[in-house]
Every structure is written in C-alpha cells, then in structure tokens.
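Read through the structure below, which is laid out as structure tokens, and then see the notes.
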Amino acid sequence: MSLLEGLNSKQKEAVLCTEGPLLILAGAGSGKTRALTHRIAYLIKEKGVDPWRILAITFTNKAAREMRERVDLLVGEGAEDIWVSTFHSACVRILRNDIEKLGYNRYFTIYDTDDQKALIKECLKELNYNEKNFPVSGVLGEISRQKDELINPAEYEKRNQGDYRGEKYAKIYKLYQKKLESNNALDFDDIILKTVELFKFHPDVLEYYQNKFQYILVDEYQDTNTAQYKLVSLLAAAHNNICVVGDDDQSIYGWRGANIRNILDFEKDFKNARVVKLEQNYRSTKVILEAANSVIKNNYGRKQKNLWTENEQGDLIELKCCMDEHDEAEYVVREIDKQAKEGRAYKDFAVLYRTNAQSRVLEEHLVRYSIPYRLFGSIRFYERKEIKDILAYLRVILNPNDDLSLKRIINVPKRGIGATTISKVEEFAAANHMNLYEVIRDRETVSMFGRAAAKLKEFADLIGTLQAEAVQSKSICELMEELLIRTGYLKELEDENTEEARDRIQNIREFVSKAADYDKNAEEISLAGFLEEVALVADIDNYNEGDNAVVLMTLHSAKGLEFPFVFITGLEEGLFPSYMSIQSGREDSIEEERRLYYVGITRAKKKLYLTYANARSFRGERVYYRVSRFIEELPKELIKQEEVKKSSDSLPEMRVKNAIWQQHKAYEAALKKEIPAPQNISLDFKEGDLVKHFKFGIGTVEKISHAGADYEVTVTFPKYGQKKLMAGLANLKAVH
DNA sequence: CAGAGACTCGAGGAG
DNA sequence: CGAGTCTCTG
C-alpha cells in the first residue's frame, strides 16, 4: 500500500473513504493537497476507477496543473484523462458542446470586467440613467451578486416590484443580459450560471455528465458561491461520491458571492456525510501557528478546529512601526537585502499587502536595491490597452456578433470612422435587429452611410479577409502576425516612435510569443481555445516557484502558497482591516478581514514580519493612521518589536487620532464647513457691508464662505460686477 | 474627425 | 496623484 505511506492517520482516512459525501476540513498547511492527490491516485490504482470518471475542481489553473502532475507521478500514466480544472474552465468546456441549446453559439466571447463595465455604460445611456445615481461598479456588483445567487432578470424584477431603485436596477439587468445575448457573449458569472441552466432545462445533458463523473472533488470549498454549489450538487446527485476540501477559516471571497454556509452546512446538505479534520500543520513554526490560532479565535460561528505542529518553536514575530510607506518599504527591502547577503534566496520572501496600490512604493525600493521581484495582480497583462485591442480583433474574427469588441477596433488604428458614424450604424442596427457587422458587411445597407460607407466597407472587408486567414492559418501565432500587418496596428505604433509605443510593441511581441506557446502546447489548436485560455488565466497561474525573485502580491492572491519569510505590510486601521469593512458596521465583514489576516499569517513557514505606518499618501496627500486592531490580537510574548518607538512620539496626537479614511473625509468636510479660518486671517466685515478693493474699488459683500484655510468673499462692484475673492489675498478693507 | 489640454472625480479583493 | 471625460481648436 505504497499510496498510504507517509500519510498521517487522518490523511489516510481521507484517502480511504472514497464512497459517499466527505468533508475534509483542512487547516492551513495540513497537507490537504497531498491527501487529495493520493486519494485520486488511490481511486485509479486501487479501486480501478477510470481517470476520465473523475472530476477535480481547483481554485486556480496553477493548482490544477500541479495536481495533475502529482497524480501522474503517483499513478504513472493516465492522469491526463482526469478532468482537473477550475469551475470556469470546466463549465466553458461543457458549454462549448451544448450552449446552442440555450440560444448562443459555441463561438461565444467571454467578457472580462472592463467589457462588462463598457456594456453597463451602454445600458445606462440607453435607459437614460445617470451614472451618478447608478455608478457602474455598483450596478456591476449588484448584477454579479444576482447571478451568483442564480437569480435571472425576470426573477429579479419580480422581487423588486414596487421598489423604485430596485425596478430600475431590474431594467438595467434585463437590458444588460439582452445585450450579452445579442453579442453572443458570456460574462464570468454567466459561465457558471448558464451551465446550471443548461443542466436544469436539458436533463439529458445533465444525465450525461452525472453518469460520466463518478467521483467529484472540490478544493477550496469555502469559497464556492451558490451557483457553484448548485452545479456541484447537480453533478454529484447520481453517484453521490462527492468530496469537498476546505477551511472555513480561510473563506475570504464573501464579496464575490462565496457562501460560507456551503461548507458550514455540508453535513446537512449531503446526508450521511463524513467529516475528516486535518489539524496537524507541517508548514509553520509553533510561534506562527500560535499567532494564527489566537487571531482566528476572535471570530464566531466557526467549525471548531485546533491546528498544532511538531515543528520547532521558531523565531518571534518581528513587528515594525514605520513613519510612512517609504520608511516601511525601506525596512522590508533592507531586511531582505541583509538576509540575501547572508545567503538566503530571494524567492524565500513574500511581501503581502491588502491593496494592489501598495505595491508601487515597494517596487521602487526593490529596484533601488537591485533586488529581483515578481509582482502579481496589479494590471493583468491581458488588460493592457494594446493587448485588448488585438484581442478584440481576434474575438470579432471568431464571433462577429460581438458588437462591443467590434466597436473597440472599428477605428483602431485610425481609419476615419468617427463617433457620429458609429452611432448612426448602431441606430440602424438596433432598428433592424441586426448586429453591427451584419450592417457593414451587407453592400446594400452599408451604402446608406454616405461618405463613411467606403470606409465601413473597407473595414468589413478587412475582417472578412482575417476570417479567411483564420481558417487557413495553421497556428494562432501566424494569424496574429498576419493581423498585426493587415490592420496596420503595428505600423501605427512603429510610426509613433515614442517610448510608450515601443513599450506597447514589446507587449504585443510578448503576446505573440504567448500565442506561440499555446500553439506548441495545446492538444488541438483553435482560436476559441486560445481566447478561452486568455480569458480564464489568472495572474497567479504564471507564478513559478523556480524564479529566484521576491514575491509581491495581495493577501488574497497568496492563498494556497507558502514562503519561508513573509511580510504583512500596512497593518493599519482603515487599510487592514479596510475602511470599507469597518464602516459597513457588520461584524462578519470584519471577520472576513480577520480570516484574510489568518491566511496571511499561515503563509509563513519560518518567520513572520508585520509592519505598519503612521502616515501614508492617499490621493496625493498625507493621511494618518492608527495601528491595526489585528496587532493587538496577537499574544505579546510572540512579538519582538523593533526599535520600540512610540508611534505617536513623532506626531501630534491629534493627527494620529483621525485615522481611518472615512474619518479623514469627515475631517476634510469639517475643515471646509465649521472650523474657523486660521487666526492670521480675520475679517472685519460681514455680509451686507461695504468693502474696498485696491483695483475694483468699493463694493457690497454678498456672501462669505469658508474655503479651506481661507474665506471666499463674493463682492458686487458697481463697475466690475460680481467677483469671488479670497480674503487672504485680496486685502479687502471694510468701509465704515 | 483628431488631438491637446482642462477638468472632475474617485480608490478593495479576482476569474 | 491618475484615469477617464469634456471641451476647445485646428
């Protein structure tokens, strides 16, 4: 029984218990991947299960790749037939086969967040709703939440009847969905939602997959949302062999619909479920683990779990108070530099933060010290303008119904098709229930656009040519080279000859080489396959443990990873926990922040560093913060504070007090409204009085209002009319 | 129609 | 501070 060798008794239990529902509660660093891979190997090798009858769902493509590799090592050949993928890739694979049953065609486009926002803007414009009252990101969030909960536009409308705002939201949601359909496009949420719909309305399809997948495994179960839960339960209903792995203490995606109840209620949802707890930690030192345990016990409603380890005690946690973000970055980088000089590898260090915006200063300092680093998560490669442009061409080639992408490139590079022309074409298309490409492709309809007709026709021909090219070319790489030439995209950039343009060309080159990689590795080369891969790849999927570089990423991205040395930076009230979670006033949203903290702490194997700054730049100005409550939740005896320097020593107490962003805003507003102007400006006149100005002469004071540290005085002068003057500058004298 | 410059407003986390 | 939008001019 070599497969059970080296596993602890709980892990063995998780491997052997193959039939029926099983919940593996796996604490951080408890060897769950090991248990999972051995379980799969056991199914194949010992139980004779066909690999293609196993579905394993992971959180990232990277995890999927690793799982497949490790199973391959255990069973020899055969792992390639297991479906190991993320929820999204699995669903896209299913939809490619049967989405026609739902009225889409199989060449559908997958829209990213930017595309979604653009589409919502169109909806708002069409419905004549103000972006002020309906902020795009808010609308997007609302729609996304509905989709995560499997609520379609009709249902949403029903639920919001009589609610003024709700009814408007319903209208937007409805139109948004209609547009997606007419563009033959799915957003991320649709990928899951449409698969569930497919299963619901076409039981034959469901039955096929139910029969196929005899064993189902879901990793990171605490982060599944309602739609994903539904999907899994539908698939598992036939064989009931469902094994989920998760840790309720690491549930950090509530904001994108993850439903922590899924894991808490597993035993209720699946009758006769067994539960195995993996509580021995193999990753961290006792100090780190104790810190993690003390932090997380401040949360309520958890599944009881107690992580322990046989590892060494380890170093104390290093806590450092910094002046500002530069000081903080300097400390972090200097510490890394010091250790690197002692022979420690760069890749042993991870610097984690709450928000992506924090990465820039860290980068600056790493560059200054010539320390190699890998930054994850800021702007995704595929979100760059030039890449999205090329992508838009590829999307239109494959799916000419994609009006959104077509509009993006119809005049890129410039070919004299302006906004007016485009809206005319759009109008015509809408009136005749046509897609834009249909309108411009048809000789008869296109000729109605006067002078612009020739240019539109030329563009339609270009797309036509590229489509033919796509059919002929053997590789995506080849198609892309052709596209770059024929569209003139490359030439335009070359002619520009600026630093920025060269940068863009560089990015495009990288994109082409990614296509070449795809050509080389794909089982079957297809444009659809390439676009799908691009749409579903996560930044973190490109993380390569081999690169000797310091890792910079958000706490969210760090989930599932481990590093010998971990820095958690920006431990300030309002930053971590975020001010959004504080001001929401809901305890569960602070608890989610705490879980995120827990995730961060448990990434560390050997040593943990915590830092916070008294001040930080925000929107170009200095904002003052108070130390995070999360620091106080750590037992004092685990901490070693560097240079015990009272945080408030160097700063007036009053400034430190106004810590969180929200308060800062209120403070700003108060400055403007109530706080009297500084003593050095005092006015000896009031509204209605006469004043004298050195140039405008004598006038009547209409209004006096506060403007920051000064007064704004509105005065009407007989000769010059009404003027708004700053009292501090205008030197107004009262006339008695 | 295109480009430059002024202007406003707003920041969380991710596939 | 910086992205995105608006407005003006050639």
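The figures here come from the full heavy-atom set of this structure, side chains too, leaving out hydrogens, waters and symmetry mates. In what follows, every chain begins at residue 1, and chains take the letters A, B, ... in the order their sequences are listed.
Residues passing the side-chain contact (heavy atoms from CB on, under 4.5 Å) test with A:R502, sequence neighbours excluded: A:N497, A:E499. Under the rule for a side-chain contact (heavy atoms from CB on, under 4.5 Å), the partners of A:A227 that lie at least two apart in sequence or sit in another chain are A:L150, A:I192, A:N225. Residues satisfying the salt bridge (charged side-chain N to carboxylate O under 4.0 Å, His left out) test with A:D187, not counting sequence neighbours, are A:K147. Partners of A:R256 according to the side-chain contact (heavy atoms from CB on, under 4.5 Å) rule, which considers only residues two or more places apart in sequence or in another chain, are A:F59, A:Y253. In this view, A:D219 and A:K32 satisfy the salt bridge (charged side-chain N to carboxylate O under 4.0 Å, His left out) rule, not counting sequence neighbours. Residues meeting the salt bridge (charged side-chain N to carboxylate O under 4.0 Å, His left out) test with A:D324, sequence neighbours left out: A:R622. A search for side-chain contact (heavy atoms from CB on, under 4.5 Å) contacts involving A:E545 returns A:K62, A:E66, A:Y543, not counting sequence neighbours. Judged as a ring-ring contact (aromatic ring centres under 6.0 Å, His included), and not counting sequence neighbours, the contacts of A:Y129 are A:F134.
Classification of the A:H365-A:H326 ring pair by plane angle, with boundaries at 30° and 60°, yields tilted.
Between A:F618 atom CZ and B:dG10 atom C1' there is a gap of 8 Å when expressed in whole angstrom units. Atom-to-atom, CG of A:D541 to C1' of B:dA14 comes out at 11 Å; the value is rounded to the nearest Å. Separating the OH atom of A:Y597 from the C1' atom of B:dG13 is a distance of 18 Å, rounded to the nearest angstrom. Rounding to whole angstrom units, CE of residue A:M553 and C1' of B:dA14 are separated by 13 Å. Following rounding to the nearest Å, A:L552 (CG) and B:dG13 (P) show an atom-to-atom distance of 14 Å. Between the OH atom of A:Y382 and the P atom of B:dA14 there is a distance of 18 Å, given to the nearest Å. The CZ-P distance, from A:R595 to B:dG13, rounds to 18 Å in whole Å. Atom-to-atom, CD of A:E572 to P of B:dG12 comes out at 16 Å; the value is rounded to the nearest Å.
A donor-acceptor contact under 3.5 angstrom links the side-chain atoms of A:E593 to the base of B:dG12. Side-chain atoms of A:S581 and base atoms of B:dG12 include no donor and acceptor less than 3.5 Å apart. A donor-acceptor contact under 3.5 Å is formed by the side chain of A:S578 with the base of B:dG12.
Comparing the same atom, P, in C:dG4 and in B:dG13 gives a spacing of 15 Å after rounding to whole Å.
Considering A:V218, A:T195, A:L536 as possible partners of A:F87, the one that fulfils the side chain to side chain contact (heavy atoms under 4.5 Å, CB included) test is A:V218.
A side-chain donor from one of A:T611 and A:E328 sits under 3.5 Å from a side-chain acceptor of the other.
Listed nucleotides B:dG15, B:dG13, B:dA11 differ in distance to A:M580; the shortest reach to its side chain belongs to B:dA11. Here B:dG12 is the nucleotide among B:dG15, B:dG12, B:dA11 with the atom lying nearest to any side-chain atom of A:R354. Looking at the side chain of A:T355, the nearest of the listed nucleotides B:dG12, B:dG15, B:dA11 is B:dG12.
Contacts of A:S557 with the nucleic acid, taken as non-hydrogen atoms under 4.0 Å apart, involve only primed sugar atoms and P, OP1 or OP2. Among the protein residues, A:D187 comes within range of no part of the nucleic acid, since none of its heavy atoms lies under 4.0 Å from any strand.
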> What string of B, S and - do you get for nucleotides 1-8 of chain B, 5' to 3', if B is base contact, S is sugar-phosphate-only contact and - is no contact with any protein heavy atom under 4.0 Å?
Replying inline: SSS-----
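Phosphate proximity of B:dG13 to A:N356: present, with a side-chain N or O under 4.0 Å from OP1 or OP2.
Contacts between residues 249-260 of chain A and DNA chain B, counted as heavy-atom distances below 4.0 Å, involve A:Y253, A:W255, A:R256.
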For residues 88-95 of chain A, tabulate all N or O donor-acceptor pairs below 3.5 Å that involve a side-chain atom, not counting sequence neighbours.
| residue | atom | partner | partner atom | Å |
| --- | --- | --- | --- | --- |
| A:H88 | NE2 | A:F188 | O | 3.4 |
| A:S89 | OG | A:T86 | OG1 | 2.6 |

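Of the charged side-chain nitrogens involved, none lies within less than 4.0 Å of a carboxylate oxygen, so that A:E427 and A:K424 do not count as a salt-bridged pair.
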For nucleotides 3-10 of chain C, which of its nitrogen or oxygen atoms have a protein nitrogen or oxygen under 3.5 Å away, and what is each distance?
| residue | atom | partner | partner atom | Å |
| --- | --- | --- | --- | --- |
| C:dT5 | OP1 | A:K121 | NZ | 2.9 |

